[in-house]
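Encoded as structure tokens, the structure appears first; notes follow it.
A quick note: this is a predicted structure, and the numbers were derived from the prediction, not measured.
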Amino acid sequence: MSTTGATADPLATLASLPGVAESVESVRKAVDRVYGHRVMRRRSNEITSEAALRGARGSAALSGADWALEEVRRRTDFSGDDEARTVGAALRLTAEAGQLLSIWRQSPLRVLARLHLVAAADGEDAVGRPRQDGEPVDEPLVELPLPGAAEVAGRLEGLSQLIIAGGSAPALVTAAVVHGELLALRPFGTHNGLVARAAQRIVLIGSGLDPKSVCPAEVGHAELGRAGYLAALEGYVSGTPQGMAAWIAHCGKAVGLGARESTAVCEALQRGAA
């Protein structure tokens, strides 16, 4: 997405694309159903914890580590192999996202650097900073053309300015753009998908759409499938109105499915089955 030009609020412009308003309204209704559930009044912390676990599992699945939920719940050591490390990174990011809300509005680039540091969990020089020209990117599931370092830096700065400026765009639109832009740019050497989905989570929480973080979009993205995810991302990268609207709608469906997941958890708790 180009974040420069004459339009004062490009995110608000995206919100006016055909079909986007319907996606925004559908998401709002789905989120309201979860927050209106009677279990949320008494046990919201449990729902938040369960949503975090399921969201991390979904994000890891999209990055190639598609573990069963009970395996993620059971494990305590995530250092064994690449898949285990991916799941561990997703869990750490989900836990970290809620701690960064106050910083996000003032310094989103600082938050992105922190998210990458948390995901990578090592002290290599390239960790926690955007990649430089010639540095490789390990993101095998996203095979779109890779922007150069100068373009990455410029677009990250533009995205940061949009977030700091705020605006009238719905939370879904902002979250979808943050998510799509980070996947398109792949600004870090590793873990870009995990970081992008964690950043989306921060936007949804911080915007007030999902303040208790009980509607894990990562669950929905995983349920919609990797092929659909990448096809929708191609629409975002195309920059066309139709492609952008399709990506926002895809993200909206993912949030709705995450809300449905937590509604099911609420109902299970109400029945005493969980």
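Considering only heavy atoms from C-beta on, Gln99 stays 4.5 Å or farther from Val118 through its side chain. Within the 4.5 Å cutoff, no side-chain heavy atoms of Asp32 are placed close to those of Lys29. Side-chain contact between Val24 and Val20 is present, with heavy atoms from C-beta onward closer than 4.5 Å. Residues Leu112 and Trp104 have side chains in contact (heavy-atom distance under 4.5 Å, counting atoms from C-beta outward). The closest side-chain heavy-atom distance from Tyr236 to Leu144 is not below 4.5 Å. Taking the side chain as every heavy atom from C-beta outward, Val72 and Arg54 never approach each other to under 4.5 Å. Using a 4.5 Å heavy-atom cutoff, the side chains of Ser23 and Leu172 are in contact. Looking only at side-chain heavy atoms (C-beta outward), Leu159 and Pro108 stay at 4.5 Å or farther from each other.
Rounding to the nearest 0.5 angstrom, the gap separating the SG atom in Cys266 from the CZ atom in Arg42 is 9.5 Å. For the atom pair CG of Asp9 and OG of Ser168, the computed distance is 5.0 Å after rounding to the nearest 0.5 Å. In this structure, Arg38 CZ and Gln270 CD are separated by 5.5 Å, a value rounded to the nearest 0.5 Å. A distance of 9.5 Å separates CG in Asp138 from CG in Asn192, rounded to the nearest 0.5 Å. Residue Lys212 holds its NZ atom at 6.0 Å from CE of Met40, rounded to the nearest 0.5 Å. Atom CG of Asp210 and atom CG of Leu204 lie 6.5 Å apart (nearest 0.5 Å).
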Worksheet item: Where do Thr174 and Val177 land on the side-chain contact (heavy atoms from CB on, under 4.5 Å) test, with the steps shown first?
Response: CA-CA 5 Å; Thr174 304; Val177 167; 5.9 Å; no

Worksheet item: Can Ile164 and Gln161 be said to form a side-chain contact (heavy atoms from CB on, under 4.5 Å), step by step?
Response: CA-CA 5 Å; Ile164 293 169; Gln161 290 173 6; 5.9 Å; no

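For the residue pair Arg201 and Thr94, no side-chain donor N or O sits within less than 3.5 Å of a side-chain acceptor on the partner.
Listed here is the closest heavy atom pair of Ala217 and Ala254: O-CB, 3.5 Å. Contact between Arg28 and Leu209 at its shortest, heavy atoms only, is NH2-CD1, 3.3 Å. Between Cys251 and Ala176, the shortest heavy-atom distance links the atoms SG-CB, 3.8 Å. Nearest heavy-atom pair across Val142 and Arg186 is O-NH1, 3.7 Å. When all heavy atoms are compared, the tightest approach of Leu115 to Ala199 is CD1-N, 4.2 Å. A pairwise comparison of heavy atoms in Ser59 and Leu194 identifies OG-CD2, 3.3 Å as the closest pair.
A continuous path of Ile, Leu, Val, Met, Phe, Trp and Tyr side chains, each step under 4.5 Å between heavy atoms, connects Val195 with Leu230, placing both in one hydrophobic cluster. The cluster map of Ile, Leu, Val, Met, Phe, Trp and Tyr, joined by side-chain heavy atoms under 4.5 Å apart, puts Leu53 and Leu93 in different clusters. Grouping the Ile, Leu, Val, Met, Phe, Trp and Tyr side chains by contacts below 4.5 angstrom, directly or via other members, places Leu91 with Leu69. Put simply, Val219 and Ile205 are part of two different groups of oily side chains (I, L, V, M, F, W, Y) that touch within less than 4.5 Å, one to the next. Cluster annotation: Val255 is connected to Leu233 through the hydrophobic network of ILVMFWY side chains, with a link wherever side-chain heavy atoms come within less than 4.5 Å.
Salt-bridge annotation for Glu96 and Arg92: absent, with no side-chain N of the basic residue lying under 4.0 Å from a carboxylate O of the acidic one.
Taking His250 as the reference, His221 meet the ring pair (Phe, Tyr, Trp, His ring centres under 6.0 Å) condition, with sequence neighbours excluded. Shown here are the side-chain contact (heavy atoms from CB on, under 4.5 Å) partners of Gln132, two or more places apart in sequence or in another chain: Arg129, Glu135.
With respect to Glu50, the side-chain contact (heavy atoms from CB on, under 4.5 Å) criterion is satisfied by exactly one of Val265, Leu269, Val214, Asn45: Val265.
Between the side chain of Ser207 and the main chain of Val203, a donor-acceptor pair closer than 3.5 Å is present. At least one donor-acceptor pair closer than 3.5 Å links the side chain of Arg85 to the backbone N or O of Ser79. Side chain of Thr263 to backbone of Ala259: a donor-acceptor contact under 3.5 angstrom is found. Judged purely by atom type and a 3.5 angstrom limit, His191 has no side-chain atom pairing as donor or acceptor with the backbone of Thr86.
Heavy-atom neighbours of Arg110 CZ from other residues, nucleotides or ligands within 6.0 Å: at or below the threshold of 12. Residue-environment remark: CZ (Arg105) stays at or below the threshold of 12 foreign heavy atoms within 6.0 Å.
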Distance-only donor-acceptor hits, side chain of residues 60-67, under 3.5 Å, sequence neighbours excluded:
residue: Ser63; atom: OG; partner: Arg197; partner atom: NH2; Å: 2.7
residue: Asp66; atom: OD1; partner: Arg57; partner atom: NH1; Å: 2.8
residue: Trp67; atom: NE1; partner: Glu83; partner atom: OE1; Å: 2.9

